[in-house]
Number of protein chains: 2
Amino acid sequence: MSTPGRGLHGRVLDTLGPAITAGEYPPGSVLRTDELAQQFDVSRSVMREAVRVLESMHLVASRRRVGVTVRPKHEWNVYDPQVIRWRLAGADRPHQLRSLTVLRSAIEPVAAGLTARNATAEQCAELTECALGMVANSRGHKLDQYLIHDIAFHRIILTASGNEMFARLGDVVAEVLAGRTHHDVMFADPDPPAVTLHVRVAEAVRAGDSARAEELTREITVGALQELDILVP
Amino acid sequence: MSTPGRGLHGRVLDTLGPAITAGEYPPGSVLRTDELAQQFDVSRSVMREAVRVLESMHLVASRRRVGVTVRPKHEWNVYDPQVIRWRLAGADRPHQLRSLTVLRSAIEPVAAGLTARNATAEQCAELTECALGMVANSRGHKLDQYLIHDIAFHRIILTASGNEMFARLGDVVAEVLAGRTHHDVMFADPDPPAVTLHVRVAEAVRAGDSARAEELTREITVGALQELDILVP
DNA sequence: GTGACATATAAGTCTGACTTTTTATGGCTG
DNA sequence: CAGCCATAAAAAGTCAGACTTATATGTCAC
């Protein structure tokens, strides 16, 4: 899915990043570049590059004569896709999943409203196709195929809105949807009403009915939120 | 406001980052690390660290035997505060300001709704204080003092919501509000109705009226959006 | 106690040599 | 001429070592 092993510094990040975001090093902890370089058996230059990346994510701060100190959680760049992936892979996955689902419930309805205004004919067609694909795979344990169409659907909503900030959340939503299907529960087929809602959103967008698209999408995201409430109370 | 000149690589980023986000190097352009190092008169190691940071922001991709290629805009980490600052300082500032204001209009109402549920007594007090501070400075060209309270108000809404993703947008909103006051227009005192809305939001939060807090905040952000429509049609 | 000064420490910087990967090239063969 | 493989070249990637700079902290005089 992502970009693994793009050089030595990348491999260092693959273990150091998750460790930090998992809270293994409590905020305020000091790391020494030289020590880390020894631990990971890489040169100082490589370790320095890794630290620079962590610094740009605001996970750590590097100060002379002190070392590399871990920053408190509330300063992290929590929108960095890399950080999101690390946290989703770690211990506070449930907490992170909830935060992101709440975020979805704020963004997607507004995005759908804009999409109803701005979507091209082609995007409308794709959207409808995705919704139909969801219907077609909503019964008979074809969850993988269902998921693919579900992700595509929401990605189109976000990109067709014409707002770049919304569009960039496509990957995040994909991650959340995939996480729900694979990790957590959802053994059974998806709820029929939820599937129908997607079809109706596609209709509303095609009709250019902004308010309805927004309201229907809100129902979808609220449903996702309630589903999460049931699973993780 | 930010963290200027944290080392040589930081100074390189201060000019290379804005240049890239401004579109000076069109997507697909190739940069050579060694050439850049010469241009900026720094060592290769320093330039490599700078490139690593740009890479982690998805502004560029570094590939062997090819060079450092500039990525298309739609792949950038547009939520990175640094990237946002660079773009706000550049040519497409109006476009960026609009994107962020639309984002606000999606996030803040939902955040306010959650804040009405979750805010502590202390946070309620602070919120009221901010609203009153806005009222007190809403007349007589005391825009700077008004802005300070305005920023604090919205920051509390976002953090008191209890959602970390919302909380992290505090800086972004601050940047947008500051930008509106300083750069663009707003010579006159702020609109009295807008000021009143803030007071009423504080009241709703204090009363724990989630739906009302959400709706009133929506009015605020929609107003901000319309104001932008008038200025930049 | 307060202030000036010395010292130690860890990040920061530079340089040069070497390795690795990937692309282009050019000649060979069918 | 087309297709293929060996070769070379180019640029990033890695490493090691020496040196610089900022700064936290401890020491000493007052």
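Just so it is clear: chains get the letters A, B, ... in the order the sequence lines come, proteins before strands, and each one is counted from 1. Please read all numbers here as calculations on a predicted model, not as lab measurements.
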Q: Between B:R52 and B:E49, is the closest basic N to carboxylate O distance under 4.0 Å?
A: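 No, this pair does not count.
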
Q: How about CD on B:Q38, more than 12 heavy atoms from neighbouring residues, nucleotides or ligands closer than 6.0 Å, or not?
A: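 12 or below, so no.
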
Q: When you check the side-chain N and O atoms of B:T217 and B:E108, is any donor under 3.5 Å from an acceptor?
A: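 Side chains of B:T217 and B:E108: no pair found under 3.5 Å.
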
Q: How bent is the helix from C:dG1-D:dC30 to C:dG30-D:dC1, measuring the angle between the end axes built from five pairs each, rounded to 10°?
A: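 Helix axis angle between the two ends: 10°.
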
Q: I need a per-nucleotide contact map over nucleotides 10-16 of chain C, read 5' to 3'. Cutoff is protein heavy atoms under 4.0 Å; write B for the base, S for backbone only, - otherwise.
A: SBSBBBB

Q: Below 30° counts as parallel, above 60° as perpendicular, anything between as tilted: where do the rings of B:H154 and B:H198 land?
A: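 Ring orientation, 0 to 90° scale: perpendicular.
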
Q: Would you mind checking if B:R180 and B:E227 are paired as a salt bridge, meaning a charged N to carboxylate O distance below 4.0 Å?
A: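 Salt bridge between B:E227 and B:R180, a charged N being under 4.0 Å from a carboxylate O: yes.
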
Q: Under 6.0 Å from the CD atom of B:Q123, do we count more than 12 heavy atoms belonging to anything else shown?
A: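 More than 12 heavy atoms, drawn from other residues, nucleotides or ligands, come within 6.0 Å of this atom.
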
Q: Atom NZ in A:K73, atom CZ in B:R168: separation rounded to 0.5 Å?
A: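 Taking NZ in A:K73 and CZ in B:R168, the distance rounds to 13.0 Å.
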
Q: Around B:E129, counting heavy atoms of other residues, nucleotides and ligands shown, do more than 12 lie under 6.0 Å from its CD?
A: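 At most 12 heavy atoms, drawn from other residues, nucleotides or ligands, come within 6.0 Å of this atom.
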
Q: Could you tell me the separation between the CZ atom of A:R85 and the CG atom of A:D171, rounded to the nearest 0.5 Å?
A: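 So the CZ of A:R85 and the CG of A:D171 are separated by 7.5 Å.
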
Q: So how far is it from B:W76 CH2 to B:I84 CD1, rounded to the nearest 0.5 Å?
A: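 Spacing of CH2 (B:W76) from CD1 (B:I84) equals 13.0 Å.
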
Q: Quick check for you: name the first and last nucleotides of DNA chain D, 5' to 3', having an atom under 4.0 Å from a heavy atom of chain A.
A: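 That gives a stretch of D:dT14 to D:dA24.
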
